[in-house]
Number of protein chains: 2
Amino acid sequence: MGTVTKALELLNLFTRQRPLIGLSDLARLADLNKATCYRLVTELCDFGLVEQVGSAREYRLGPAVLRLSTLREAQVPTREAAMPVLQALAQKTGETAHLSMLMGPALHTLGFAYATTHMTRVTMEDAEVLPFHATSSGLVVLAFQPEPFREAVLAQPIPRLTGRTETSPEALRARLAEVRGQGFAESRGAFQAEVHSMAVPLFDALGRCTGAVAVAALASRMTEDQRRLIRFALTGAGSEITTLWGGTLPADIVTLWRLAA
Amino acid sequence: MGTVTKALELLNLFTRQRPLIGLSDLARLADLNKATCYRLVTELCDFGLVEQVGSAREYRLGPAVLRLSTLREAQVPTREAAMPVLQALAQKTGETAHLSMLMGPALHTLGFAYATTHMTRVTMEDAEVLPFHATSSGLVVLAFQPEPFREAVLAQPIPRLTGRTETSPEALRARLAEVRGQGFAESRGAFQAEVHSMAVPLFDALGRCTGAVAVAALASRMTEDQRRLIRFALTGAGSEITTLWGGTLPADIVTLWRLAA
DNA sequence: ACCATCGGTTCAAATAATAAACCGACAAGA
DNA sequence: TCTTGTCGGTTTATTATTTGAACCGATGGT
């Protein structure tokens, strides 16, 4: 593994739950020698990707990420473009909408929107990276990946997260085929108990699946009518965001979604 | 220079004017061997900070910057928090408002907002890093830096950008003292001819100046009344953003601004 | 048919990264 | 007060990684 990758991996250690990390912790988490870690994090600091803060001299993500993301959004409006659609989706369905994007080997949260309808809602703050096997977004993205990718994911350990998590590779393979057949995925309490969710895939200009939009609701609110409504709103949002991102929906997806509506 | 820094420097080569860069260009711009550059940019790609796009296989900033900035904004709302103030400032003054932040040795643009009042406006898209000596933001930030930093900047070459750019270190030193004395800075066509601007400093929790807010207008619209209005709106926005960022205005700034109002 | 340039690869030589031990400072516990 | 442990940070010789020049096939303009 190259030095640069090691340094960048440090950035991945910062999460919503753990936004501040001291040098020793950082070294432990990254499994690096403290001196090595110090050198790397110092270089990240000099660039501004990380900054040192407070009396304990802990580290956190720095202001350079803002600068870079402003630049990126100016050229490829991704988050900014999708957020209004996401908010509309949350409003239409009365539930929590969620946007995720495939980055390298993992599916990352890009944003979410809450409806103002209910007092109870599914919060998404805690899930930075989504497990492929236990979320509707994960399932739908995985379903539309090339086979080697799918198998690589299934070859890894598949943790049981709730009582309803599917953990057998064979069953998951069948599940993915089913998802491909219907053009969307559904998860019933496999990630968090009591949370049902549905997701549709997003595609880039070359027809590759690069992410997903999902709606998550408390199981008790997931009536058959509500499922139909969500499915309808989701396919609309999915095709809208795909278009905004300059992508094109594969023909079979278009027909599947048209049938569903 | 460390390998990590070299890799990160590659990110700085992407600008609004030059969002896509091929491998050979990248190597030339960064003054790196092509093989070295390839290895570095590949590592950046794997992480998602950079992505390869199109038939020409050019590189551009990748989606990981979004992920990181979302994470950073969740913990330290910086851009998100300041943008509404910036928009209000543009609206109040009827001119272009601009927000910048000191990152390492350079002053970078963080955002800007346009007023809808006039048909002509000062556009800020082209200025990613602001010269210290020729912009009101640059002057005001430099004025409030510790002396070694100031002198380091003045020791570097000072390019003449327009006919009205001040380029003598002695004159600039006097200018900075003046800025410190009045709590804001003004630039009259020193960066772009026909553009006048005014800026106030922003401070962090330790009273260090970390950035600036500015208003830029066409010279012809900069009447004495308008200057007063802008100065008033600027000091308001400056103290607002400083507070939002968890900073505190130094006592002397507070009194200077109170006098101005 | 030529020449230049593109993105990407190879491999020996050179350079930069690494690990372990160490430093002073600080805080909790005995 | 005197350990004891941990903190952020530094030093050093050893080691592994990075580097640069040459090279590849593909592409495109002359």
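Note on naming: letters A, B, ... go to the chains in the order of the sequence lines (proteins, then strands), and numbering restarts at 1 for each one.
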Original post:
Looking for any heavy atom pair under 4.0 Å, which part of the strands does B:Gln52 touch: base, sugar-phosphate only, or nothing?
Top reply: sugar-phosphate
Original post:
Who are the side chain to side chain donor-acceptor pair (under 3.5 Å) partners of B:Thr243, not counting sequence neighbours?
Top reply: none
Original post:
Earliest and latest nucleotide of DNA chain D, 5' to 3', sitting under 4.0 Å from a non-hydrogen atom of chain B?
Top reply: D:dT18 to D:dA21
**OP:** Kindly state each residue pair satisfying salt bridge (Lys or Arg N to Asp or Glu O under 4.0 Å) with at least one member in residues 12-23 of chain B, sequence neighbours excluded.
**Re:** none
Original post:
In chain order, what residues pass the side-chain contact (heavy atoms from CB on, under 4.5 Å) check against A:Met103, with sequence neighbours excluded?
Top reply: A:His108, B:Pro63, B:Ala64, B:Arg67
Original post:
Can you name the residues that form a salt bridge (charged side-chain N to carboxylate O under 4.0 Å, His left out) with A:Asp252, not counting sequence neighbours?
Top reply: none
Original post:
For A:Glu170, what residues pass the side chain to side chain donor-acceptor pair (under 3.5 Å) criterion, not counting sequence neighbours?
Top reply: A:Ser168
Original post:
By side chain to side chain donor-acceptor pair (under 3.5 Å), which residues pair with B:Thr162, not counting sequence neighbours?
Top reply: B:Thr165
**OP:** Give me the residues of residues 35-49 of chain A where at least one heavy atom lies under 4.0 Å from an atom of DNA chain D, by number, or none.
**Re:** A:Ala35, A:Tyr38
Name the atoms and distances for all side-chain donor-acceptor pairs under 3.5 Å in residues 135-144 of chain B, with sequence neighbours left out.
residue: B:Thr135; atom: OG1; partner: B:Pro131; partner atom: O; Å: 3.0
residue: B:Thr135; atom: OG1; partner: B:Gly138; partner atom: N; Å: 2.8
residue: B:Ser136; atom: OG; partner: B:Ser197; partner atom: OG; Å: 2.7

N/O to N/O distances under 3.5 Å, protein versus nucleotides 22-25 of chain C:
none

Subject >> Set of residues satisfying side-chain contact (heavy atoms from CB on, under 4.5 Å) with respect to B:Pro84, sequence neighbours excluded >> reply: none
Per-pair distances, 0.1 Å, donor-acceptor, side chain in residues 42-52 of chain B, under 3.5 Å, sequence neighbours excluded:
residue: B:Thr42; atom: OG1; partner: B:Tyr38; partner atom: O; Å: 2.6
residue: B:Glu43; atom: OE1; partner: A:Thr5; partner atom: N; Å: 2.9
residue: B:Glu43; atom: OE1; partner: A:Thr5; partner atom: OG1; Å: 2.5
residue: B:Glu43; atom: OE2; partner: B:Arg39; partner atom: NH1; Å: 3.4
residue: B:Glu51; atom: OE2; partner: A:Arg72; partner atom: NH1; Å: 2.7
residue: B:Glu51; atom: OE2; partner: B:Arg60; partner atom: NE; Å: 2.7
residue: B:Glu51; atom: OE2; partner: B:Arg60; partner atom: NH2; Å: 2.9
residue: B:Gln52; atom: NE2; partner: B:Arg57; partner atom: O; Å: 3.3
residue: B:Gln52; atom: NE2; partner: B:Tyr59; partner atom: OH; Å: 3.2

